[in-house]
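Order of the sequence lines sets the chain letters (A, B, ...), proteins ahead of strands, with each chain counted from 1. Predicted model, so just to flag it, every value in this text is computed and none were measured.
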Number of protein chains: 2
Amino acid sequence: MRPPRPPLGPPRGRFVSAADVARLAGVSRSAVSRAFTPGAQVSEQARARILEAAEELGYRVNRLARTLHQDRSDLVGVVGGNFSNPYISAQLDALSRALHARRLQCLLMNSASGGDDLGRLLDYRVRTVVLLSGAAPDTLIRLCAQNGARMVLINRPRPPEGARADLVLADSAHGGRLAADRLARAGCQNVAVVISGSRTSAKLDRAEAFCSEMALHGIPVTRWADGPNSYETGVEAARALLIPGDRRVDGIFGVTDEIALGVLNTARFELGLRVPEDLSVIGFDDAPISGWSSHGLTTIRQPLEALTRATMEAITLPPEAEPVLCAVPVQLVERGSVRAPIT
Amino acid sequence: MRPPRPPLGPPRGRFVSAADVARLAGVSRSAVSRAFTPGAQVSEQARARILEAAEELGYRVNRLARTLHQDRSDLVGVVGGNFSNPYISAQLDALSRALHARRLQCLLMNSASGGDDLGRLLDYRVRTVVLLSGAAPDTLIRLCAQNGARMVLINRPRPPEGARADLVLADSAHGGRLAADRLARAGCQNVAVVISGSRTSAKLDRAEAFCSEMALHGIPVTRWADGPNSYETGVEAARALLIPGDRRVDGIFGVTDEIALGVLNTARFELGLRVPEDLSVIGFDDAPISGWSSHGLTTIRQPLEALTRATMEAITLPPEAEPVLCAVPVQLVERGSVRAPIT
DNA sequence: TGTCTGGCTGCACAGCTGTGCAGCGTCGTG
DNA sequence: CACGACGCTGCACAGCTGTGCAGCCAGACA
């Protein structure tokens, strides 16, 4: 039960307003506003009395109303498709911390549930929309432009010409080449690349670069592209690709760690293959669980800190600033799921 | 100051308002408001003209301003400590989808970064605060009560007497007993329980019930309680607990899957123990990755769907409704990290 | 033709905050 | 003592939307 209120308090079940505090402290509502505005002119006694009254009532400044007055809100819309994906969730964790540190709020939207309801983010006057998954729908691009909200795409496909959006991209092409070279040095003769079915994304660039680099080495590549970006997709791919025979696939590149782990585990535990002796597997992302000793996945690392830092820089740019393109370097992380180089 | 407006269309860099739309459509601002309010009285022609103008300008109703007028907002504050934790991220994924389906928005806050800045959620007039991690600070409890915001605690410690909060609890005690019975049936003689260092949580209940049930079986239990709720805590615990000797620990209960997986992997890959022959390991949660063939962790399942459903019910209750207590049953999931029962 | 009804429309205000501006009192100085 | 300066306060308005209420117009009916 709530303790009985003093007569001056606000009614039950409603938020406390500055007027309530003013009444209790015996000042005008303006004074309350000033007491919570740094640098505003209030006497020390009044401020003390106001803060005391606010504390007693549990008052907090209504940032929604404050936003009406200012040109930008503190809200940043963050869109993701699958927060239980190991790399996405690591990204979200880092990003939400960084936003918090800059006193920005994170309005989360799961794009897996609805269609292109992403425009609803604009209903809340978000200053910026950040996309972690999926492609940016044209309607969202237009809405952001018309309303002066920035848009940050992380490892997302380049929007159509003329669309204003900040791009934060890991060097997918270089990563794809690194993966190809590593499998070639391991002596693989017959390799495959596993992509999810979604066509429009940085994953395609990784796969493309992998294939063309492999062509330079003269090694044939089988492409598997089906299903969502998930562990199960890796499982399915492994079952289909790793049929016994004289020219069995001996190296697989999964365009995300989650896919690669599905391949790795299926090969080891369901098909009875030895990794890396019979099969080399390499991933992309370097999700935290890829380093666990149960997996030991060799992968292409996208540094999360650099990605987050670049994202925060784009987020905090003023709305009229020119869009930014930031490329983040990637690197090979050796863990043992790829055979040692033959010399 | 605001830049001078062109006769039609809003200036760059600001959000489009209903007044802008009204000007373009040649109607009053009220008419615009009504065109976007279901059931309000507007003629078909006016509505069509207004919607067309809104489409052209990219107008979206400002839900922040609308909130000023209504008694409750659409915002739900969600607090978590570590979104890269496998079970927390699965919870967040399910919750964000469910909120989206009910047209509620998810204002995310990472409690790992700041102290008790959680009160900042109230600045945004959230209708409800949901806690996924950590204990509810007294100040937050008081703030919510004074402002008529509901509070939902998921597997969190019971708040102090008199605090109004909805509780959604998996049956920790029953789960702890299930884990103990299972290890006892496996013939374990010397078991340990691994808790994280945080004292205040449902994890303690799991451990307590485990210990008392083991006492009934007459089996000694070593307690390890240190570090955060993380994979590394499991690693550390395994290194410390599994020292070779004549009375080595032969069964371990990790109070979360993440901890249990740290134990499991360290035992298998670093210490060279066979699981389950030399050591039985059991976890709690049933995170998605626990079912992966690389782990095969036997665990106590907290059904995510039931948890989410109960949470949504509490979230959508009116502010004046009495607090709710919802207990969700748990069950044992066999996967092979515990030895077969001896009969 | 006059009157009444009903459907739209716009005015004005509420809801909450930030801030320019004028007013008020006090204090210091000539 | 008179006057100016200065610090503080409250008024009033802006910012954006929802809505009660009155007014307007057209159409229907006697």
Side-chain angles (χ1 to χ4, degrees), chain A residues 10-11 13-50 54 57-75 122-127 147-148, chain B residues 1-5 10-11 13-23 25-50 54 57-75 122-127 147-148:
Chain A
R14 269 193 44 251
F15 271 85
V16 183
S17 78
D20 298 322
V21 178
R23 216 155 15 227
L24 179 60
V27 296
S28 75
R29 200 192 45 72
S30 317
V32 176
S33 176
R34 282 191 254 264
F36 285 94
T37 306
Q41 241 179 1
V42 214
S43 70
E44 256 333 298
Q45 310 141 25
R47 157 171 270 127
R49 218 165 52 233
I50 291 168
L57 295 178
Y59 171 70
R60 296 227 121 212
V61 176
N62 184 341
R63 280 215 142 79
L64 270 37
R66 176 179 269 182
T67 297
L68 291 184
H69 229 262
Q70 292 168 348
D71 48 348
R72 281 182 301 169
S73 78
D74 296 333
L75 264 41
L122 277 301
D123 295 359
Y124 297 88
R125 284 0 187 199
V126 293
R127 62 150 67 190
N147 287 287
Chain B
M1 280 286 67
R2 231 151 117 182
R5 266 181 207 286
R14 267 194 48 249
F15 271 87
V16 182
S17 79
D20 298 321
V21 177
R23 216 159 9 231
V27 295
S28 76
R29 200 192 45 71
S30 317
V32 176
S33 177
R34 281 191 254 264
F36 285 95
T37 306
Q41 242 179 0
V42 214
S43 70
E44 258 330 299
Q45 311 140 23
R47 157 170 271 126
R49 217 164 53 232
I50 290 168
L57 295 178
Y59 171 71
R60 295 227 123 212
V61 176
N62 185 341
R63 279 216 142 79
L64 269 38
R66 176 179 269 181
T67 297
L68 291 185
H69 230 261
Q70 292 168 347
D71 47 349
R72 282 182 300 168
S73 78
D74 297 333
L75 264 44
L122 277 300
D123 295 0
Y124 297 88
R125 281 7 185 192
V126 293
R127 62 149 68 192
N147 287 288

- Apply side-chain contact (heavy atoms from CB on, under 4.5 Å) to the pair A/V27 and A/R49, showing each step before the final yes or no. CA-CA 9 Å; A/V27 296; A/R49 218 165 52 233; 3.4 Å; yes
- Nucleotide range of DNA chain C lying under 4.0 Å from chain B heavy atoms: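 Nucleotide range in contact with chain B: C/dC8 to C/dT17.
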- Task: Name the residue closer to the 5' end of DNA chain C, choosing between A/V61 and B/V27 according to the nucleotide with the nearest heavy atom.
- Result: B/V27
- When the nearest nucleotide of DNA chain C is assigned to A/Q70 and to B/G26 on a heavy-atom basis, which residue is associated with the more 5' position? B/G26
Regarding [X], tell me which of base, sugar-phosphate or nothing describes its non-hydrogen contacts under 4.0 Å with the strands shown.
X	value
B/A40	nothing
B/F36	nothing
A/R63	nothing
B/V42	sugar-phosphate

Please set out all donor-acceptor pairs under 3.5 angstrom arising from side-chain atoms of residues 33-46 of chain A, sequence neighbours excluded.
from, atom 1, to, atom 2, distance (Å)
A/T37, OG1, A/S33, O, 2.8
A/S43, OG, A/A46, N, 3.2

- Task: Decide yes or no on side-chain contact (heavy atoms from CB on, under 4.5 Å) for B/R125 and B/L75, but give the supporting numbers first.
- Result: CA-CA 7 Å; B/R125 281 7 185 192; B/L75 264 44; over 6 Å; no
- Query: Once you round to the nearest 0.5 Å, how far does OH of A/Y59 lie from CD1 of A/I50?
  - Reply: 10.5 Å
- Task: Apply the test side-chain contact (heavy atoms from CB on, under 4.5 Å) to residues A/D123 and B/V61: give CA-CA distance (whole Å), side-chain angles for both, the deciding distance (0.1 Å), then the verdict.
- Result: CA-CA 6 Å; A/D123 295 359; B/V61 176; 5.6 Å; no
- Message: Both A/S30 and A/E44 contact DNA chain D. Which one's nearest nucleotide lies toward the 5' end?
- Response: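 Closer to the 5' end of DNA chain D: A/E44.
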- Could you pick out which residue, A/H69 or B/T37, lies toward the 5' side of DNA chain D when each is mapped onto its nearest nucleotide?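 First, find each residue's nearest nucleotide; the 5'-ward one identifies A/H69.
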- Go through the side-chain N and O atoms of A/N62 and B/Y124 and say whether any donor and acceptor fall under 3.5 Å apart.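 Absent: no donor and acceptor within the cut-off.
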